[in-house]
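The structure under discussion appears below in the form of structure tokens.
Throughout, a chain's letter reflects where its sequence line sits, starting with A, and its residues are numbered from 1. Bear in mind the structure is a predicted one, so any value in this text is a computation, not a measurement.
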Amino acid sequence: MRIKVVFLPVLAVILFVLTSCWNYREVNEMAIIIGAAVDKGVENQYMLTVELLDVSGGAQTELSTRILSVEGETVFDAARKLISVEGKRGYWGHTRVLIVNEEIAREDITEAVSFFRQDAEARGDLYVIVSRGYSAREIMNSGIPYGDVLSESLAQGLENSKFVSEIPETRLYTLSQDLKSSKVSPVLPAVTLLSIDDKKVPVLRGAAVFQKSRMVGFLDEEETKAMLFLKNEIEGGVLVTKAGKTRVSLEIKDNNTKIKVKTEGDRLILDITVQTKAIIDEVIGNLEFSDIEMLDEIKRLSEEQLKSKLEKIIDKARYYRTDIFGFGQKIYEDNPGKWNEISDDYETEFAKIDVNLTVKVEIPNTSIIFKHLDEGE
Amino acid sequence: MMVMQKCKRERRTTRKIIKLGDNRESKEAAKKSNKLTKSLEENIKILEEKFKNDSTVIFRRFQNRYLPKVKCCIVFIEGMIDFKHINMQIIEPLMEQDLRSLSSSCSLLEDIKDKVLPVNDVEESGDLEKILQSICYGNTIFLLDGYDTALLVESKGWEVRAITEPESGKVIRGPREGFTEHIISNISLIRRRIKNPNLKFKFMQLGKQTNTTICITYIDGVALESVLVELEQRLNRIDIDGILDSGYIQELIGDAPFSTFPTVGYTERPDVVVARMLEGRIAVIVDGSPFVLTVPHVLVENIQVSEDYYDHFIFGSFNRFVRAVASIFTISIPAVYLALVTYHQEMIPTQLLISLSASLEGVPLPTSLSLIIMLIVFDILREAGARMPTAVGQTVNIVGTLVLGQAAVEAHLVSAPVIIVTAISGITTLIVPTLIESLVLLRFILLILASILGLYGYFIGIILIYLHLMSIRSFGVPYMLSITRFRNHDGQDAWIRAPWWTMTLRPKIIGARNLIRQISNRR
């Protein structure tokens with residue numbers, strides 16, 4: 001009883017002292033940063049460009065954004081210097097995207113990312129994007145065809161990318177995990193500017209491939225899709241199969257990629273089985289798929305074409321000497337002893353791994369109209 | 001805790017001293033004159049002296065037609081008696097009957113009592129104190145010359161409010177009778193529902209000046225003996241001068257006097273009282289109050305409404321769930337809103353944050369202050385609405401909705417979400433009427449904690465409230481009874497209202513005397 005009485009005030013005090021970062025702050029006193037971009041500075045080390053939400057109006061909310069650029073010794077230094085420009089303190093809790101200049105990414109992406117990883121406010125689920133061909137600031141300053149907030153539309157594009165499977169959906173926490181791990185290399189989505197109606201519009205295009213924290217190259221959409229097949233991260237998207245002049249669109253319903261690690265003597269062999277369920281959604285050209293033979297033909301062609309794409313991306317990864325598929329992780333799980341042997345020089349070892357690819361495409365059903373639309377009918 | 005116990009002890013000792021002093025006074029008074037004399041005139045003089053300056057006391061002298069030499073007098077208080085009854089049942093027989101024919105061995109007064117007065121309750125007494133009190137209760141005193149005792153004749157009769165539907169605790173389905181201010185009619189409302197000789201009524205008089213009748217009611221064999229003993233002890237300790245409503249007694253006998261949670265239940269509905277008595281509780285009826293008290297009272301009773309038991313059990317359970325959620329909402333919503341907006345902006349979805357930010361634009365007051373002000377304004381409106389005459393009540397409504405709601409937002413004095421939060425919090429308070437007192441206060445405490453420490457402070461407050469609720473008891477019964485446990489039959493009448501055929505047991509502890517309610521016939 002006495003112990004309880006003594007400890008009660010102690011516990012009460014501890015409760016009050018051990019609170020984490022918090023502060024009373026009104027919503028309208030902070031500048032909500034919805035997106036950020038990091039470039040090399042002209043006068044200083046870094047240039048931070050932020051997209052701020054500019055909210056006005058009481059009953060009817062009027063939303064617009066402002067783009068501000070500040071230079072600083074570090075990213076955080078630049079972030080604090082924002083106050084002298086904006087007046088309000090920036091709030092990073094709702095930042096959706098971080099665009100990193102290709103130049104910085106090619107040197108070391110951690111420079112740009114570490115502030116967001118370590119700061120208390122910034123979220124782990126923000127998207128990290130690499131700018132391609134343009135500086136991150138240029139992308140931030142470009143206009144989007146519709147919608148108010150550029151960062152928001154980029155983030156939504158990445159959120160919905162699973163229906164396309166052409167862009168890797170990498171969030172900050174995945175990036176930091178991959179950067180720490182030696183068994184897999186990070187892949188980030190890339191953004192570039194396209195001219196639409198004389199306006200430069202940001203478009204998400206493909207992926208940036210990293211070797212450890214250095215970016216080594218870009219993948220285009222098809223390569224990205226092939227990479228996602230091997231990572232078993234396909235959730236949807238379209239598989240276009242060509243048969244002479246005709247083109248068949250297969251909608252991917254389900255995909256399962258299995259990797260088995262085998263050793264033959266000193267050699268590592270990966271048995272990769274890609275099993276895809278897809279349905280025929282569109283046929284361009286004169287082709288009727290109502291008979292089984294035709295269906296089998298489509299199946300065979302799509303398997304063949306998918307397999308060649310997968311082989312191409314594996315070759316490209318070998319060329320970059322970076323394991324973007326996470327084969328290392330698989331080897332570690334299945335054969336830790338072997339992993340210990342090769343882990344010291346995994347980059348060279350990765351290029352030497354033999355891969356056995358098996359691709360199976362299953363077409364369980366088709367679109368509801370079989371017959372092709374012929375002229376004059 | 002220590003401090004509270006000390007306070008109680010002190011209160012008790014001071015009470016004792018007052019009581020001792022009183023006894024001494026009354027003893028001295030008794031020595032002077034506590035008896036009637038044999039002379040009628042002298043007796044009238046004594047009574048006139050006692051009721052000096054009270055013109056409502058009426059002395060009516062008359063004689064019997066056949067025995068004119070025997071003088072007699074009746075004394076009663078106007079307004080407390082039934083005139084018709086006195087005229088027909090007391091004065092008429094005494095005047096018209098031939099008293100000479102009452103040839104009997106015993107005294108004339110006794111003969112009158114036994115053979116003349118056709119009244120159900122007649123008592124003979126010479127004790128002046130008793131006579132005075134009897135007059136005050138509305139009885140008629142019959143004085144006969146030559147006797148030092150008087151007849152106390154029952155003649156009570158006064159205007160009573162009719163039994164109407166109670167204002168509080170209205171139901172759509174269920175009995176519409178409500179208690180009135182008249183204790184006897186209240187007792188009959190209970191008796192009519194339990195036709196059983198085990199139903200017991202114990203009368204007491206409390207209040208040194210008001211002599212208010214109170215009645216302890218319980219079902220013998222169901223009510224807990226220990227609670228009954230404790231209740232009687234606590235009632236006997238009461239030494240207040242007046243009791244105008246059962247609220248006095250509620251406060252005087254309740255446990256945890258500094259807690260805002262009620263530890264004595266009250267209701268205006270006889271069916272609720274009977275239902276609680278059937279579960280093993282004891283009721284206290286107070287004359288002059290339509291609110292009947294029940295003990296022991298636990299937290300869950302506040303969200304149990306009689307209609308739950310009359311409706312389909314699924315609907316009843318749903319309604320009860322709504323009430324439970326609403327009472328948690330009402331204390332939480334302002335505090336959680338404040339914590340989210342001022343401390344944990346990362347928990348608000350981006351779109352919502354944008355609209356919040358827009359509505360807060362240009363509002364001069366900080367959110368915490370504007371919430372506190374708006375909640376106080378709501379309480380002012382609530383209090384005004386409750387006390388205002390209905391005609392003026394309309395004005396309060398208009399001022400509340402138009403001026404405070406719309407205009408304040410349009411003038412950017414308060415942000416719109418604050419008004420919404422206040423409105424939701426305000427409406428949900430009214431769902432559980434018996435808890436309004438505590439919920440309104442707890443809301444402010446949580447709000448202040450949240451403004452100092454954010455969600456963290458809110459949770460400290462919630463934990464403290466929970467600990468407090470777990471620590472208090474009502475007449476030895478844990479206040480959180482059947483809320484914290486779900487095993488067997490414990491939770492079946494708390495979070496949900498189980499179907500009647502499964503409620504085979506009375507609630508634990510309260511119904512421990514006779515646990516089995518029914519032997520289920522549907523399995």
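Inspection of the B/Thr367 and A/Glu26 side chains reveals an N or O donor paired with an N or O acceptor under 3.5 Å.
Contact residues of residues 415-428 of chain B toward chain A are absent (heavy-atom distance under 4.5 Å).
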Start with the C-alpha distance between B/Glu230 and B/Arg473, add both sets of side-chain angles, then the distance that settles salt bridge (charged side-chain N to carboxylate O under 4.0 Å, His left out), and finish with yes or no.
CA-CA 13 Å; B/Glu230 178 67 27; B/Arg473 280 162 182 270; over 6 Å; no

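Taking the charged nitrogens against the carboxylate oxygens, A/Glu121 and A/Arg89 do have a contact shorter than 4.0 Å, which makes a salt bridge. A salt bridge does not link A/Arg66 with A/Glu51: every distance from a Lys NZ or Arg NE/NH1/NH2 to an Asp or Glu carboxylate oxygen is 4.0 Å or more.
Remark: B/Arg234 is positioned above the aromatic ring of B/Phe475, its terminal NZ or CZ atom under 6.0 angstrom from the ring centre and at most 45 degrees off the axis.
Using the six-membered ring where Trp is involved, A/Trp92 and A/Phe116 have ring planes that are perpendicular, over 60° apart on the 30 and 60° scheme.
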